[in-house]
Amino acid sequence: MGHVEIPETDISGPVGLRGAPRPRTAASRNRTAALEQLWRAPTAQRDPAERVPARRKPVHRASVGALTDLLALAGPAWLLLHLGEQPRPWLAAAVAGLLWTGLRGVRGRYADPVRAEPGGAFGALGDWLVLLGALAVLHAAAGSSVDPATAVVAVAPGLLVATAVEGLRTGRRGRAVRKVLLVGEAAGLDRAAELLNSRTDHAYQLVAAIPVGPGLPGFENLQVPGRLATSPADDDVTTVLGGAYAHDADLVLVAPGPQLTGDRLRRLGWGLHDAGVALCVASELSGIAAGRVRPVTAAGLTLLHIAPPLRGGPQGVLKAALDRGGALFGLLVLAPLLLAVALCVRFSSRGPVFHRQVRQGQHNRPFTMWKFRTMVADAEARKAQLSEDNEVDGPLFKMRQDPRVTPVGRTLRRTSIDELPQLFNVLLGQMSLVGPRPPLPEEASRYDEREGRRLAVKPGLTGLWQVSGRSDLSWQETVSLDLWYVDNWSVATDMGLLARTVRAVTDGRGAY
């Protein structure tokens with residue numbers, strides 16, 4: 001790239017950018033010249049082939065991952081079905097293997113780790129449960145004579161291999177982190193930085209920012225290696241590449257704005273891609289799962305079609321069937337445990353075994369929710385006395401050391417066993433296995449429009465709130481998680497959350 005004159009007020013050292021432009025001394029000009037030379041050297045000498053193209057590595061990883069899953073499930077399945085003298089074992093194994101690979105692909109398990117949705121080792125279990133459901137439907141529709149129990153055992157090795165692979169990927173998560181250089185106007189930079197820094201379940205590590213125009217990012221600890229002028233300039237690409245090379249960033253994230261749109265963004269993309277640096281453009285959309293977004297082009301425009309949230313249809317019917325079936329199965333299997341817990345509650349403190357409480361369900365309809373009693377009998381009467389000790393914001397009331405909780409109740413809360421009677425609510429259709437937690441009437445009465453959207457679906461026995469920290473989360477974090485679920489739920493998502501609930505209950509964090 002040829003030499004381009006850079007205006008003195010456009011680029012200065014990282015310290016100088018945090019204040020207003022000041023007169024340039026000879027030392028300052030020398031530092032600027034040295035920095036400019038440092039930035040230009042990689043631009044002129046860098047071979048684009050040194051950076052692996054963004055599309056090549058994920059495609060290779062996807063092929064290997066899909067082939068591994070296919071062989072790991074179909075191979076042992078064929079062998080076990082053959083040894084079990086099941087009819088046409090090769091056909092059954094091939095169908096199961098293709099379904100398994102297709103399901104994993106649809107759920108993004110073979111995608112770039114940066115773009116794939118988090119699932120971890122428990123994501124494989126959720127995929128496997130969905131596979132069992134799909135195979136059961138095919139078995140009934142085709143009238144297959146394969147023994148169901150043998151079929152379940154036959155596809156189990158595929159789950160074990162996928163779980164091991166996902167565990168290894170989770171253990172190496174730090175190696176897949178993408179170092180991000182933010183580019184945009186001050187307001188866009190602040191929004192993107194705040195959102196990226198507020199969560200840890202993604203692979204983007206913010207390392208620096210290049211503001212456009214005179215504004216500065218609001219984050220004091222954010223490195224600012226350069227700045228773009230208000231209007232398009234010949235040194236746009238050089239400045240951004242210099243910042244990327246200086247901080248070893250492999251991804252430039254652009255927050256578009258009035259000063260960085262259209263042709264300027266297009267030309268910046270040309271320069272970055274020619275230099276082997278990946279480009280990503282932030283959208284004003286938030287809380288929308290990638291599966292609901294479909295990009296299309298029309299008349300030179302890039303359009304994002306957003307699919308509406310699921311509120312019914314086949315998935316709604318399947319969710320209802322899984323809820324009722326799962327609740328009935330859980331009550332039958334857990335009957336001895338429920339009886340033992342009921343006896344412990346009854347004889348450990350005065351009061352009833354169950355705590356019945358009116359909660360607000362779907363569309364703000366009230367219902368009576370059942371729990372094992374974990375507090376003293378007059379807990380509700382003593383709540384007003386403890387209002388000043390509330391440890392969470394918003395309409396919720398939570399205390400880590402609530403004096404109303406009994407010793408047995410504290411154990412039940414930590415293990416979430418006190419919630420098991422809500423399986424009756426699920427069986428009655430008042431709740432779902434997965435969904436937002438049902439609020440108290442006084443809590444729901446204080447909801448604003450945003451918070452009230454939590455009631456658009458049935459409340460759940462478990463959900464994103466439970467597997468993401470429970471009571472350790474702030475009220476706004478809880479609402480954000482619930483709203484994501486309300487707008488993006490699917491049967492596959494529910495299966496994954498049920499699998500992750502096992503880990504959350506075992507962990508016990510945030511349960512009090």
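Residues take their numbers from the sequence shown, with the count starting at 1. Keep in mind that this is a model prediction, so the values were computed, not measured. Computation of the quantities below employed the complete heavy-atom set of this structure, encompassing side-chain atoms and omitting hydrogens, waters and symmetry-equivalent molecules.
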Heavy-atom check, side chain of Pro439 versus side chain of Arg359, under 4.5 Å: no
Carboxylate-amine/guanidinium proximity below 4.0 Å for Arg453 and Asp487: yes
Backbone of Ala456 reached by a side-chain donor or acceptor of Gln362 within 3.5 Å: yes
Ionic contact status for Arg454 with Asp482, cut-off 4.0 Å: yes
Minimal non-hydrogen separation, Val155 against Leu73, with atom names: O-CD1, 3.8 Å
Parallel, tilted or perpendicular: ring planes of Phe372 versus Phe354, cut at 30 and 60 degrees: parallel
Check: Thr462/Arg500 side-chain N/O donor and acceptor closer than 3.5 Å: no
Heavy-atom neighbours of Arg311 CZ exceed 12 at 6.0 Å: yes
N/O donor-acceptor pair under 3.5 Å between Thr230 side chain and Gly213 backbone: no
Which atom of Leu260 lies closest to which atom of Gly184, heavy atoms considered: CD2-CA, 4.2 Å
Rounded distance (nearest 0.5 Å) linking atom NE2 of His305 with atom CZ of Arg294: 5.0 Å
Under 3.5 Å: donor-acceptor pair, side chain of Glu185, backbone of Gln259: yes
Asn197 and Tyr204: CA distance, side-chain angles, deciding distance, side-chain hydrogen bond (donor to acceptor under 3.5 Å, both in side chains) verdict: CA-CA 9 Å; Asn197 291 332; Tyr204 295 92; over 6 Å; no
Donor-acceptor pair, side chain of Asn425 and main chain of Thr368, under 3.5 angstrom: yes
Shortest non-hydrogen contact between Gly158 and Trp100, atoms and distance: O-CZ2, 3.9 Å
Backbone of Val408 reached by a side-chain donor or acceptor of Arg413 within 3.5 Å: no
Nearest non-hydrogen partners of Trp484 and Ala289, listed with the distance: CZ2-CB, 3.8 Å
Beyond-backbone contact of Leu497 with Val467, side-chain heavy atoms, under 4.5 angstrom: yes
Matching residue for Asp418 among Leu412, Thr411, Val341 - test: side chain to side chain contact (heavy atoms under 4.5 Å, CB included): Leu412
Leu455 and His363: CA distance, side-chain angles, deciding distance, side chain to side chain contact (heavy atoms under 4.5 Å, CB included) verdict: CA-CA 5 Å; Leu455 305 176; His363 306 314; over 6 Å; no
Asp69 (side chain) donor-acceptor with Arg104 (main chain) under 3.5 angstrom: no
Glu284 and Arg191, any side-chain heavy atoms less than 4.5 Å apart: yes
Considering all heavy atoms, the nearest Ala209-Leu181 contact: N-CD1, 3.8 Å
Pair Leu420-Leu338, side chain to side chain contact (heavy atoms under 4.5 Å, CB included): steps then yes or no: CA-CA 8 Å; Leu420 291 180; Leu338 296 176; 3.7 Å; yes
For the student: nearest non-hydrogen atoms of Leu423 and Ala327, plus distance: O-CB, 3.5 Å
Beyond-backbone contact of Gln223 with His247, side-chain heavy atoms, under 4.5 angstrom: yes
Heavy-atom donor-acceptor pair, Thr297 side chain to Gly300 backbone, under 3.5 Å: no
Other residues, nucleotides, ligands: >12 heavy atoms within 6.0 Å of Arg450 CZ: yes
Candidate pair Leu461 and Val434, rule side chain to side chain contact (heavy atoms under 4.5 Å, CB included), full reasoning: CA-CA 6 Å; Leu461 186 62; Val434 181; over 6 Å; no
Any donor-acceptor pair under 3.5 Å from Asp323 side chain to Val426 backbone: no
Arg437 and Thr478: CA distance, side-chain angles, deciding distance, side-chain hydrogen bond (donor to acceptor under 3.5 Å, both in side chains) verdict: CA-CA 10 Å; Arg437 291 299 296 157; Thr478 299; over 6 Å; no
Donor-acceptor pair, side chain of Glu443 and main chain of Leu440, under 3.5 angstrom: yes
Derivation of the side chain to side chain contact (heavy atoms under 4.5 Å, CB included) call for Asn488 and Arg292: CA-CA 8 Å; Asn488 301 290; Arg292 292 177 54 206; 3.1 Å; yes
Flag, side chain of Thr493 to backbone of Trp489, donor-acceptor distance under 3.5 Å: no
